[in-house]
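Notes follow the structure.
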Amino acid sequence: MVIETSDTVWTKTKQLSSYVSSRVFHSPSDVGEVPTRLQGHQAIVRPAPRESKMSECSVGSCNSSAQLIKDQCYSLEVPEGGFPKNESFVSEDYLSDSSEGDDDSSRGTWDNPIEFLLSCLSFAVGLGNIWRFPYLCYRNGGGAFLIPYVISLIFMGLPVFLFEMSAGQFSSEGPISIWKICPLFQGIGYGMCILSLYIGTYYNIILSWAFFYIFSSFSTSLPWASCGNWWNSEACRRVDSTNCTAHFGLMTSAGDCVLQKDVTIDVWRNITEELNQSKMPSDEFFHNFMLDISKGIHDLGAIRWELAICLLLAWVIVYFALWNGIKSFGKLVYFTSLFPYLILVILLIRAATLPGYMDGITFYLTPKWEKLLEINVWADACIQIFFSLGVTWGGMITLASYNKFENNVFRDAVIVGIGNCLTSFFAGFVIFGIIGYMAHELGVKVEDVAAQGAGLAFIAYPEAVSRMPLSPVWSILFFVMLLSLGFGTQFSTTETVVTIILDEFPHLRGKNRRWLLLGVCAFMYCAGLFMITEGGMYVLQLVDNHSATYSALILGCSEVCVMAWIYGADRFLEDMKFMLGFYPYPRFFWKWAWKVISPSIVVLILVFTWVDYDGNSYGEYDFPAWANALGWMITFSSVILIPIVAIIKICNEEGTFTARIQKLTQPTYDWGPASPQHRRLPTADCSGLGGYSGPIQGSNMTLVTNASNPNIKDIKDTNFSHLEPLNEDFEEDTSSEDDGLNMRAIREEAKLKSNSKK
């Protein structure tokens, strides 16, 4: 037996001695070998615990008989500075002959795979599926938008989505610590953290609006059903002009139908201008009453305390939902992921019975092919994919990091990605059906009804609901659905921020986690107060336009390029095969989607979008230059962390510049599966073995043999008299029998047990 290491490695308690003895003297039926590969490290192949998943070595040198103990290599490469001290040299996963220790127990795991699947679906299917996707269809030519949307999903969304979910599950790490895969680009993880802070802050603002509308709906008639309220202006107009419009007339605010042939040109022009400046009651309820909106972003005004209370309620719900982390969150996803579909079905049935429903559906499904020639349509499709799937937010990495190591993440990624897009498509039938009904009631075209942005959900839909029988009931159902959709995403986004901090500061886990969660919620609540002022709507639009659009595309392109070109797409696919037992199908597509297709599309869209950029606007209000500059600062506040962190890491390393870069572009020693049960180390003579190349540092390092023949002889019956002497002499322990592991004593014990067998 040859042991090539320092005597300082063999320390820590009698527990290791008894563990080694129990592992050395066993029957072959209790052993499974796990082949390994790791560039730059020597090989170790460990016997896996009982009942764990095994894989066979395929290299000829590893298939040779390992009956002679002297042919078994116990080589370790000690990292510079030695191994860090640990509470236990051998993990509890090995001391128990169980395969259940798949994951980092200090982080927690999902109780079952269904919770993970539903949490991903709840995270991906959010408010954007209801008010953002239909609005983009409305703005980009109806059904024509579905073409670039599906193409973006296949060639951009799913590849990045699969990478994030796979990397999170493979390493059980959060968005920052996952970049042990390539430390030089750890700034991508910090950028994800900043992006999640932005999104989590303004996302709850929209939920506070939904609460406001729900509370306002508890009345016999909806407050936005008429123009007789104190917040209504002279421009408010609510009349049924269907019959008048059918005769090519115009309805005045007094309810009179005027035909062009009956009036002069000047009177007709004045009536037309009056109608163009008129507003629906739901519009004035949203802007004049709830928001009390100011004239621009330069005038923030006072805080709307009614919204501040609603926002506080939203954050209180988030806090208690995440009280026990994924254990409590995992139970809530059954409601947040499934309840919205029930409400959507109910609303679809109701909408299908309304006049004008088919007009809205026709507009939704009829493509305008000329729109496909506009770069903004393709840019909106790509951005919506990123926004809808939550790619680069860090949420998917976080959720997948709590998975069991062998979970079929490829299946889950495809199901969630396709399910999310089908939900957007299905929701369009509900929203456009309602819009078609309202267009019929107003006697106008479908494209003239919807407002921009959140106005689709908070102006157009409430206006249509107010014209239905039992309008308060339909209003409450719709906004409760918005809440369930929004909270599903908000829970995951907030948990992402908390997980990032916990992974960076593990001592905050346990009871301290709840205080950390309280601090995160309080900080994001205070930041959100700027968005519920009188000018807060402009702030929200600015953050929405810049926080998760260009920056999300840049971060997504960066993370895929680093994985595909620096770590290696083939290498990552091998890691996925080790984790799943098979390559994601088709392997060729995923490899080149990561390496070429996805990054190329993102770069092209970024270039053309930058050229076509003409500033921010809300309605007829154009943001000033300083506000647009502030928006770009929001965009680059997350992206700029990539070079900043890289420079800091380079400066903190030692050696030449080339050596520093080379070291920082290689995975760290502790990159890989969190459980020692799944960590494998290869030898030089077994370097061709496939699978994960794990580190040998800390409590995850286990002394094992590289015996790889499935027919290995039971070494309990082996004569140890011919063993070669140790290559390195180990000093006898004279101070205390508990201070270290005496390898000579173990060897003598092995001889005695072998002789006693005879």
Side-chain angles (χ1 to χ4, degrees), residues 106-112 114-127 174 193 196-215 218 305-340 343 390 393-395 398-399 401-402 476 479-503 505 508-529 531-532:
S106 63
R107 299 183 83 253
T109 57
W110 299 104
D111 288 339
N112 58 71
I114 297 298
E115 289 186 3
F116 167 70
L117 184 62
L118 292 180
S119 68
C120 291
L121 191 63
S122 181
F123 172 71
V125 178
L127 296 176
C193 180
S196 293
L197 278 173
Y198 286 142
I199 295 173
T201 299
Y202 84 78
Y203 217 77
N204 246 11
I205 302 299
I206 301 174
L207 298 185
S208 69
W209 296 351
F211 273 122
F212 190 92
Y213 269 78
I214 289 175
F215 296 147
F218 284 99
W305 292 107
E306 298 90 340
L307 290 178
I309 295 174
C310 293
L311 181 61
L312 178 62
L313 175 60
W315 278 113
V316 168
I317 292 176
V318 171
Y319 176 74
F320 284 104
L322 301 177
W323 177 265
N324 288 324
I326 61 171
K327 296 300 181 184
S328 55
F329 171 46
K331 303 301 181 289
L332 288 174
V333 295
Y334 288 97
F335 174 80
T336 59
S337 62
L338 299 178
F339 179 75
I343 301 301
W393 296 12
T398 300
L399 296 177
S401 70
Y402 295 111
I476 292 173
F479 288 108
V480 168
M481 179 193 66
L482 284 188
L483 283 178
S484 60
L485 285 170
F487 275 126
T489 303
Q490 184 65 26
F491 292 157
S492 301
T493 304
T494 308
E495 179 65 23
T496 297
V497 177
V498 173
T499 298
I500 289 173
I501 299 176
L502 289 177
D503 285 347
F505 305 98
L508 293 176
R509 290 173 178 163
K511 294 182 179 179
N512 293 329
R513 184 191 182 281
R514 294 174 181 176
W515 291 106
L516 172 63
L517 175 62
L518 179 62
V520 169
C521 292
F523 173 79
M524 296 172 79
Y525 172 76
C526 293
L529 291 178
M531 302 181 195
I532 56 173

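Nothing fancy with the numbering, it's 1 onward along the sequence. Given the structure is predicted, the values throughout are model-derived calculations rather than measurements.
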Approximate separation, where rounding is to 0.5 Å, of I206 CD1 and S208 OG = 8.5 Å

S119 side-chain N/O to E115 backbone N/O, donor-acceptor pair under 3.5 Å = yes

To the nearest 0.5 Å, what is the distance between CG (L338) and CG (L121)?
-> 8.0 Å

Quick one: does K331's side chain get under 4.5 Å of D111's, heavy atoms only?
-> yes

Short side-chain to backbone donor-acceptor contact, T489 and F123, under 3.5 Å | yes

Tell me, do F329 and W110 make a side-chain contact under 4.5 Å, heavy atoms counted?
-> yes

Straight-line distance of I317 CD1 to Q490 CD, nearest 0.5 Å = 11.0 Å

Is it true that R513 and E495 have a side-chain N and a carboxylate O under 4.0 angstrom from each other?
-> yes

Quick one: are L483 and I214 in side-chain contact, heavy atoms under 4.5 Å?
-> yes

Are the side chains of W209 and I205 in touch, meaning some heavy atoms are under 4.5 Å apart?
-> yes

N324 vs R514, side chain to side chain contact (heavy atoms under 4.5 Å, CB included): CA-CA, chis, key distance, verdict | CA-CA 8 Å; N324 288 324; R514 294 174 181 176; 2.6 Å; yes

Check for a donor-acceptor pair, side chain of S196 on one end and backbone N or O of W393 on the other, with a separation under 3.5 Å.
-> yes

V333 and F116: CA distance, side-chain angles, deciding distance, side chain to side chain contact (heavy atoms under 4.5 Å, CB included) verdict | CA-CA 9 Å; V333 295; F116 167 70; over 6 Å; no

Atom of S122, atom of G488 and distance for their closest heavy-atom approach | OG-CA, 2.9 Å

Does the side chain of T499 come under 3.5 Å of the side chain of Y402 through a donor N or O and an acceptor N or O?
-> yes

Between CZ of R509 and CG of D503, what distance do you get to the nearest 0.5 Å?
-> 5.0 Å

For W515 and L508, indicate whether the former's side chain and the latter's backbone hold a donor-acceptor pair under 3.5 Å.
-> no

Intermediate values then yes/no, side chain to side chain contact (heavy atoms under 4.5 Å, CB included), N204 and Y525 = CA-CA 9 Å; N204 246 11; Y525 172 76; over 6 Å; no

T201 side chain to G528 main-chain N or O, any donor-acceptor pair under 3.5 Å?
-> no

Do you know the tightest heavy-atom contact between I532 and A308?
-> CD1-CA, 3.4 Å

Using atom types as modelled and distance alone, determine if a side-chain donor or acceptor of K327 lies under 3.5 Å from a backbone N or O of T109.
-> yes

L482 to L127 - nearest heavy-atom pair and separation | O-CD2, 3.4 Å

Can you check whether S492 reaches T398 side chain to side chain, under 4.5 Å on heavy atoms?
-> no

Parallel, tilted or perpendicular: rings of W323 and F320 (30°, 60°) | parallel

Value for CG (N112) from CG (L117), rounded to nearest 0.5 Å, stands at 10.0 Å

Rounded distance (nearest 0.5 Å) linking atom CH2 of W315 with atom SG of C526 = 10.5 Å

List the steps, then state whether side chain to side chain contact (heavy atoms under 4.5 Å, CB included) holds for L313 with F215.
-> CA-CA 12 Å; L313 175 60; F215 296 147; 3.9 Å; yes

Shortest non-hydrogen contact from S328 toward A321 = OG-O, 2.7 Å

Least distance between heavy atoms, G486 atom then L207 atom | CA-CD2, 3.6 Å

Would you say F211 and I309 make side-chain contact, with heavy atoms under 4.5 Å?
-> no

For Y334, does the OH atom sit with more than 12 other heavy atoms under 6.0 Å from it, leaving out its own atoms?
-> yes

Can you check whether F491's main-chain N or O pairs, donor with acceptor, with T494's side chain at less than 3.5 Å?
-> no

